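We name chains A, B, ... by the order of the sequence lines, and we start the count at 1 in each one. Worth saying up front: this structure is predicted, and the values here are computed from it rather than measured.
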There are 2 protein chains.
Amino acid sequence: MAARAVLPEPAHAPGLGRLVMQVSRELRTLADRQLAPLGLTMQQAELVIATFLHGEKGSRHLTSLVLTDEAGVSRLVDRLEAKGLVRRRPSPRDRRSRALELTPAGRAVVARMRRRRAVVDQRLREGISADDIAATRDVLLRVLDNIARAARAVA
Amino acid sequence: MAARAVLPEPAHAPGLGRLVMQVSRELRTLADRQLAPLGLTMQQAELVIATFLHGEKGSRHLTSLVLTDEAGVSRLVDRLEAKGLVRRRPSPRDRRSRALELTPAGRAVVARMRRRRAVVDQRLREGISADDIAATRDVLLRVLDNIARAARAVA
DNA sequence: TGCGAATACTTGTCTTGACAAGTATTTCCG
DNA sequence: CGGAAATACTTGTCAAGACAAGTATTCGCA
């Protein structure tokens with residue numbers, strides 16, 4: 001694993017961070033292309049599914065589920081509302097909050113997307129053992145932890 | 001810099017894909033914040049470094065190095081040119097192409113950024129063995145392979 | 001030779017992501 | 001109680017990524 005301190009970092013042995021970002025980018029691109037026939041992006045699909053699973057909560061509670069911040073969720077909901085898949089209702093408990101709910105059209109596509117997502121996820125694991133997946137997950141969680149620590153050091 | 005959009009949400013185990021995307025996102029955010037004092041983003045820093053290492057090539061050759069497409073590089077170069085770090089020259093060998101070169105100001109920041117990047121990369125590996133890093137890299141490469149296969153299946 | 005295909009880059013549009021600032025509402029506490 | 005602080009969301013701005021389409025130039029080859 002490359003003692004690549006300050007070295008060129010050739011394309012064939014990229015740093016772990018770079019590799020993670022490459023995988024992330026290609027995952028999104030693939031997902032977006034597969035969802036294009038439904039007229040949705042990956043983020044939009046995630047939000048629709050999150051609304052199905054955790055609906056009735058305000059967008060604040062959904063931000064962590066779709067990997068963006070509140071502002072991002074707000075505009076994501078704008079787009080989904082424009083597509084008629086989701087609706088904002090005033091929340092009875094807290095008038096600052098607006099609860100999300102799926103429209104009939106929204107419910108109509110959830111199952112299909114979830115199935116599709118599962119298939120893709122399955123395909124991405126092909127040829128990789130459960131142990132390797134688990135170990136990878138573990139490493140990535142530790143990296144996340146290190147990122148959080150570094151972020152605190154900066155702040 | 002204030003309320004970090006970052007950490008919450010360990011909750012239950014997310015899918016590997018989601019985890020990769022989360023790591024990617026937080027990596028970029030951290031890098032962008034650390035580079036902010038230099039007035040650069042992570043992508044801009046990467047392109048300046050790539051120009052230093054592989055300069056004199058047209059942007060076509062740099063796209064794979066900065067994880068975006070030609071259009072992205074084109075606009076990235078626009079921004080760096082506006083900041084006076086990089087310059088486009090007509091390529092003598094091929095008049096379609098425009099060779100990139102660092103300006104003195106560009107060269108002046110390269111060393112600092114590379115050192116900084118190495119430090120951060122080091123910090124992200126803390127507490128993770130070289131073997132684990134290698135195994136993780138291996139798994140991610142196989143995932144990349146699966147993505148490519150799935151992409152071909154779609155196309 | 002010359003013409004169509006390929007190549008290098010640019011530009012337009014849409015979506016996302018981060019951050020800052022703004023509004024409305026609720027909570028906390030003196 | 002009353003006002004300060006926190007909270008929930010929205011909006012504005014900039015940078016990126018993907019994709020499509022456009023321009024200029026070079027290449028391949030009949």
Side-chain angles (χ1 to χ4, degrees), chain A residues 21-36 39-47 57-64 66-83 88-100 151 154-155, chain B residues 1-7 21-22 24-36 39-47 57-64 66-83 88-100 151 154-155:
Chain A
M21 295 190 24
Q22 185 179 355
V23 172
S24 172
R25 185 173 72 105
E26 297 195 16
L27 271 179
R28 175 182 301 269
T29 300
L30 177 61
D32 281 346
R33 264 196 264 157
Q34 294 189 319
L35 287 167
L40 293 176
T41 65
M42 192 200 73
Q43 276 298 77
Q44 292 167 11
E46 289 294 321
L47 184 57
K57 304 244 183 83
S59 27
R60 183 82 179 87
H61 299 277
L62 296 177
T63 66
S64 61
V66 291
L67 298 182
T68 187
D69 65 0
E70 275 182 80
V73 172
S74 186
R75 277 184 269 241
L76 204 42
V77 173
D78 286 345
R79 288 186 283 268
L80 286 171
E81 212 170 26
K83 289 177 183 177
R88 281 187 252 232
R89 285 188 310 133
S91 169
R93 301 170 21 77
D94 184 340
R95 283 187 302 168
R96 289 169 304 183
S97 187
R98 310 173 70 178
L100 285 187
V154 167
Chain B
M1 35 201 88
R4 301 293 74 112
V6 189
L7 4 151
M21 294 189 31
Q22 186 179 355
S24 172
R25 186 174 70 105
E26 297 195 16
L27 270 179
R28 176 183 300 269
T29 300
L30 177 62
D32 281 346
R33 266 198 260 147
Q34 294 189 320
L35 287 167
L40 293 175
T41 65
M42 191 199 74
Q43 276 301 77
Q44 291 167 15
E46 289 294 323
L47 184 57
K57 304 243 182 87
S59 25
R60 184 81 180 88
H61 299 276
L62 296 177
T63 66
S64 62
V66 291
L67 298 181
T68 187
D69 64 0
E70 275 180 82
V73 172
S74 186
R75 276 184 270 243
L76 204 43
V77 173
D78 286 346
R79 288 186 283 270
L80 286 171
E81 211 170 26
K83 288 177 183 178
R88 280 189 253 234
R89 295 175 39 221
S91 168
R93 300 172 22 77
D94 184 340
R95 282 187 304 167
R96 290 169 302 182
S97 187
R98 308 173 69 179
L100 286 187
V154 167

Suppose we screen for salt bridge (Lys or Arg N to Asp or Glu O under 4.0 Å). Which residues come up paired with A:Glu46, at least two apart in sequence or across chains?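 Only A:Arg117, B:Arg18 meet the salt bridge (Lys or Arg N to Asp or Glu O under 4.0 Å) criterion with A:Glu46.
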
Can you give each donor-acceptor pair under 3.5 Å made by side-chain atoms of residues 66-76 of chain B, sequence neighbours left out, with the distance rounded to 0.1 Å?
| from | atom 1 | to | atom 2 | distance (Å) |
| --- | --- | --- | --- | --- |
| B:Asp69 | OD1 | B:Ala71 | N | 3.3 |
| B:Asp69 | OD1 | B:Gly72 | N | 2.9 |

Separation of atom [atom1] in [X] from atom [atom2] in [N], rounded to whole Å:
X: B:Asp69; N: D:dA21; atom1: CG; atom2: P; answer: 15 Å
X: A:Gln34; N: D:dC19; atom1: CD; atom2: P; answer: 12 Å
X: B:Leu27; N: C:dG17; atom1: CG; atom2: C1'; answer: 15 Å
X: A:Leu30; N: D:dA18; atom1: CG; atom2: C1'; answer: 13 Å
X: B:Arg33; N: C:dA18; atom1: CZ; atom2: P; answer: 10 Å
X: B:Leu47; N: D:dA15; atom1: CG; atom2: P; answer: 14 Å
X: B:Arg25; N: D:dG17; atom1: CZ; atom2: P; answer: 14 Å
X: B:Glu26; N: C:dA18; atom1: CD; atom2: P; answer: 8 Å

How far apart are the closest heavy atoms of B:Gln44 and B:Lys83, and which atoms are they?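 Result for this residue pair: OE1-NZ, 2.7 Å.
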
Can you list the residues that meet the side chain to side chain contact (heavy atoms under 4.5 Å, CB included) rule with A:Arg28, with sequence neighbours excluded?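 Partners of A:Arg28 under the side chain to side chain contact (heavy atoms under 4.5 Å, CB included) test: A:Asp32, A:Met42, A:Gln43, B:Met21.
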
For B:Arg96, what residues pass the side chain to side chain contact (heavy atoms under 4.5 Å, CB included) criterion, not counting sequence neighbours?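 Result, side chain to side chain contact (heavy atoms under 4.5 Å, CB included) vs B:Arg96: B:Asp94.
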
Contacts of A:Arg98 that satisfy side-chain hydrogen bond (donor to acceptor under 3.5 Å, both in side chains) - sequence neighbours left out: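 Once residues adjacent in sequence are excluded, A:Arg98 has no partner under the side-chain hydrogen bond (donor to acceptor under 3.5 Å, both in side chains) criterion.
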
Protein-to-nucleotide contact annotation, 5' to 3' order, nucleotides 8-16 of chain C [B base; S sugar-phosphate only; - none; under 4.0 Å, heavy atom]: SBBBBB-SB

